[in-house]
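So that the names make sense, note that chain A is the first sequence line, chain B the second, and so on, each numbered from 1.
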Amino acid sequence: MANEENGGYDPSAVEEKWQRYWNERGTNTFTRNELENAEAPYYNLMMFPYPSAEGLHVGNIYAFTGADVHGRYHRLQGKDVFEPMGFDAFGIHSENFALKIGTHPMDLIPSNVENFTRQLRRIGGMFDWDHSVDTTDPAYYKWTQWIFLQLFDNGLAERKEAPVNWCPSCMTVLANEQVIAGACERCGTPVEQRRIAQWFFKITDYAERLLGNLEDIDWSDTTLKAQHNWIGRSTGAQLRFPVVDADGNETGTSIEVYTTRPDTVFGASYMVLSPEHPLVDEVTDDGVRAPVYAYIDTAAKKDLVARQKTDKTKTGVPTGGYCRNPATGERIPIWIADYVLMDYGTGAIMAVPGHDERDFEFASAFDLPIVRVVAGPDDDADTPLEEAYVGPGRLVNSGPFDDTHVSESVEKVTAWAEEHGWGEAKVNFRLHDWCISRQRYWGPPIPVIHCDACGPVGVAEDQLPVVLPRVEDFKPDDTGVSPLARVESWYQTTCPKCGADARRETDVSDTFLDSSWYFLRYPSTDFDDRPFDPEITKKWLPVDAYIGGNEHAVLHLLYSRFIIMVLKDLGHLDFEEPYDVFRAHGLIIREGSKMSKSRGNVIVPDPIIEEFGADTFRTYLMFLGPFEEGGDYRPQGIQGPYGFLHRLFDTVVGAVDAAADPDVERKVHQTIRQVTEQIPALSYNTAIAAMMECLNVIRAGGRTAARAEVEALVPLVAPFAPHMAEELWERLGHEGSIFDGAHWPAFDPAKLVESTVEIAVQVNGKLRATISVAKDASEENVVSLARGEENVARYLEDGTERRVIHVPGRLVNFVVG
RNA sequence: GCGAAAGUGGCGGAAUUGGUAGACGCGCGGGAUUUAGGAUCCCGUGGCUUCGUGCCGUGGGGGUUCGAGUCCCCCCUUUCGCACCA
């Protein structure tokens, strides 16, 4: 390695030295008193990891380093930066892995946490290890359970039987969010539908607010959009179609449909129920029960993958039942088809094949009537439909509404339906209630006791936590019942209300509940009698900056917003959005392709850190590309930042007491300005490039640096290479940590400007020469100097000069015709 | 299918309100130093070229402009979201 023998840069020695220093002095930790009295609190949050057995991967390190750079920058600006770290250690991941290797998660997790902690210390993050959380610690999940009870006691948690997504491989229920294109997010197994009693949080009650607040928070655009789409607000109407018998008499039942186009109701020529719709049985004619049940059966067996595949060939069967179109009074057939999803709206639709592509396709396949009720500019009421027409126009074949323009028809037809009692305007959301129960072992038990007489009763707060017992046989089975249901000694209890024999809830809660509030806990881990201290919370929250992956754009981020909103409504908090600023970082790929275990191209960080040091690794990761876009990791590329840090170290250490060269000094000030602007913009790659450029200027031609030229570079590089910066700071004669105090350098605007500038000289927009002029040279001077250039004069002779454009400090362009 | 973003050297990536395209780094080439080096340091590096700061160059084709990687229109490709949402 480099010239260690002459006191050169030895990363491992420097890093070990300063990590020890930080630990001993508590450089990065807050005491309770410091938390309570911080003058310039800045809460710098990053997404806590799931502590896998493999250890930290490059993606984690990339994310944490990017956030740490942000935190260290603010600290050097004089802020009191609180940067905690913890472990999201419950959940199916850990449990499945534990099952696979035959170790109990209660044994596995602590060693993983220990390994992660070691690695996290090694990368030099500014973590406050005195305020860490581990979601599997009863001292933590006691309060997760408390949060459940807050919702339960206020009618926001309810248990209901519901069709749920069941992963036959993980043997558990999945939230809709965990189903990707019909397959389990974790294991890729096609998901089945089951009906199981589940606990739900009524997040849909908050849909409007969760959507509306998106206007006011400073988040990455992509994340905002993802949430917006996920909530999926649409406006339309709910309409009721009365079911009629063979004689055309109403049976008293009606089918509710949700539509965004109630104005096309005159064109509804049939109805479609989802195969799971509760009224299917009632409307089905005895003569066709066999084919209807056969269809339902196939649909149920068809997993969501097949059902949602891009192959959208429509299938369905008539039920033999009919209902009346309340607008036209006509009798229309009721079909069932799997293109109607039970999940959305009411699970039933009025089919308007003339003006809906899906309905058109279905009607064409089954020869159902297609009626035009909207005429485009070139159509009349009888223009045949070759395909569904979804454009603008006016209503036709729509009784009293003929000629109404579609811009106002929705409103008018809805009002008419309401007047006659068969419909009303309705806002619909794609968002579903949050299913929080899991039929698994590795999670916090849901703190409820089931009593035959009293129903579900919440566990009293002073009885928390409901401790997860150590169960050796924690393997899930296909019954859909949690492993805890096999532990009679644990679930048998008495009802807190009436004292009768009762049974504990044996489901555990979703890990997204654990992570929905962890950032509230960090600053309050000094208190074990409350989840979060009101005064400290007031001082530190909402979070100032949250930097994390966009894979949590809808799941974690939406749930935590919801929980915070609820806690605010219940009077526990005085803010309702947890994160003022959220920035999504990009992903690291390797040599053009995704990193994955199956490709065998994952980067193992430990040996890289050992060879090059954490500072180099951090700097390289941040140099790869724009932080918010990710980067392409090429093993060779680390040589660049490695050499840079070595040169920087040698240059600073070898600097002599001499006056700064004015040209170099100007470059230094320009660099201070660039880095100061680019770090908060997360443009880390260009900030590093600017420092490299500056160092190249300082060292150009092998010159020796003056101390005044290099001093500012030490704090500038500190967010990226904190250990080396500490070492250089000390060698420059300073006391204490560079991070204790506002040591970020200021630039002098007067020293930024060049005395002479290079001006491009163009003729008809083509570069013909460059000239050097004084920065405040008059236009006259510049132009005449430009004209005097031989290579310019040559072109000017060829024609008449029509115009001269002068952009001060930039260029002169002669327009010759 | 819908939506969003992006296409720049051999590669990762830079380029204020339109104003010298290719910063910085990898790789490559040359040189220095060294017993040696895959170490270190300096210099060079878009293509073509009749070597003339000459021509061509930011996915393709048009347009606006004195001037376009940047703005407008059409097309192609890639990536990422959402995917029968009624």
Side-chain angles (χ1 to χ4, degrees), chain A residues 1-3 8 180-182 221-223 225-226 228-230 232-234 236 257-261 264 272 307-314 337-341 343-352 355-359 361-362 428-430 550-551 553-554 586-587 589 591-592 620 623-626 629 631-641 643-644 646-647 650 677 683 685-696 699-702 758-770 789 791 794 802-817:
Chain A
M1 288 292 114
N3 37 350
I180 308 295
D221 224 40
T222 51
T223 316
K225 262 180 199 134
H228 190 98
N229 292 340
W230 192 263
R233 185 183 196 270
S234 75
V257 301
Y258 172 74
T259 175
T260 54
R261 291 298 303 273
T264 62
V272 187
R307 196 159 154 182
Q308 293 188 351
K309 265 288 184 268
T310 41
D311 169 24
K312 299 208 176 132
T313 312
K314 301 282 185 289
D338 65 7
Y339 83 91
V340 174
L341 307 175
D343 259 7
Y344 187 78
T346 62
I349 61 155
M350 64 173 200
V352 184
H355 306 285
D356 181 282
E357 283 166 29
R358 297 151 301 178
D359 297 342
E361 196 190 320
F362 190 81
N428 196 57
F429 292 94
R430 183 184 172 280
N550 230 357
E551 67 273 17
V554 289
L587 297 177
I589 56 171
E591 291 163 285
Y620 179 46
F623 183 63
L624 285 177
E629 285 164 41
D632 192 357
Y633 190 98
R634 279 158 200 270
Q636 290 264 38
I638 199 167
Q639 295 295 343
F644 165 65
H646 271 88
R647 285 190 290 277
D650 293 346
E677 285 168 0
S683 188
N685 56 330
T686 55
I688 294 166
M691 290 186 276
M692 288 174 165
E693 222 179 306
C694 185
L695 186 62
N696 289 347
R699 291 170 60 94
E758 289 260 286
I759 302 271
V761 183
Q762 300 180 334
V763 178
N764 287 339
K766 285 193 194 282
L767 183 70
R768 296 303 176 192
T770 53
E789 283 289 308
N791 197 42
R794 182 144 62 95
R802 306 211 182 268
R803 228 175 122 184
V804 181
I805 286 128
H806 174 237
V807 181
R810 288 247 172 224
L811 61 68
V812 175
N813 186 15
F814 295 96
V815 184
V816 175

**Q.** Length of the NZ-C1' vector between A/K225 and B/G81, whole Å
**A.** 11 Å

Q | Euclidean distance, atom CD1 of residue A/I688 to atom P of B/G13 [Å, nearest integer] | A | 14 Å

Q | Closest-nucleotide ordering on RNA chain B, the 5'-leading residue of A/R430 and A/N696 | A | A/N696

Q) Between atom NZ in A/K766 and atom P in B/C55, what is the gap in whole Å? A) 6 Å

(Q) Just to be sure I understand the rule, does A/I349 reach a base, reach only the sugar-phosphate, or reach nothing, if contact means heavy atoms closer than 4.0 Å? (A) base

Q) What orientation do A/Y258 and A/Y344 show, parallel under 30°, tilted 30 to 60°, or perpendicular over 60°? A) perpendicular

**Q.** A/K314 NZ/CZ over A/Y339 ring centroid, <6.0 Å and within 45° of normal
**A.** yes

All N/O pairs under 3.5 Å across the protein-nucleotides 7-11 of chain B interface:
| residue | atom | partner | partner atom | Å |
| --- | --- | --- | --- | --- |
| B/C11 | O2' | A/R634 | NE | 3.3 |
| B/C11 | O2' | A/R634 | NH1 | 3.2 |
| B/C11 | O2' | A/R634 | NH2 | 3.4 |

Q) Nearest-Å distance, CG (A/L341) to P (B/A83)? A) 11 Å

Q: Using a 4.0 Å heavy-atom cut-off across all strands, classify A/R794 as base, sugar-phosphate, or nothing.
A: sugar-phosphate

Q) Using Watson-Crick pairs (N1 to N3, plus N6-O4 or O6-N4) and G-U wobble pairs, both distances under 3.5 Å, which stems of at least 3 pairs involve RNA chain B? A) B:1-7 with B:76-82, B:10-12 with B:24-26, B:27-32 with B:40-45, B:46-48 with B:54-56, B:59-63 with B:71-75

Shorter than 3.5 Å, N or O on both sides, protein versus nucleotides 62-65 of chain B: list them out with atom names.
none

Q: Can you figure out which of B/C66, B/C56, B/A86 approaches the side chain of A/T260 most closely?
A: B/A86

Q) Is B/G9 in the syn range, within 90° of 0, or in the anti range? A) syn

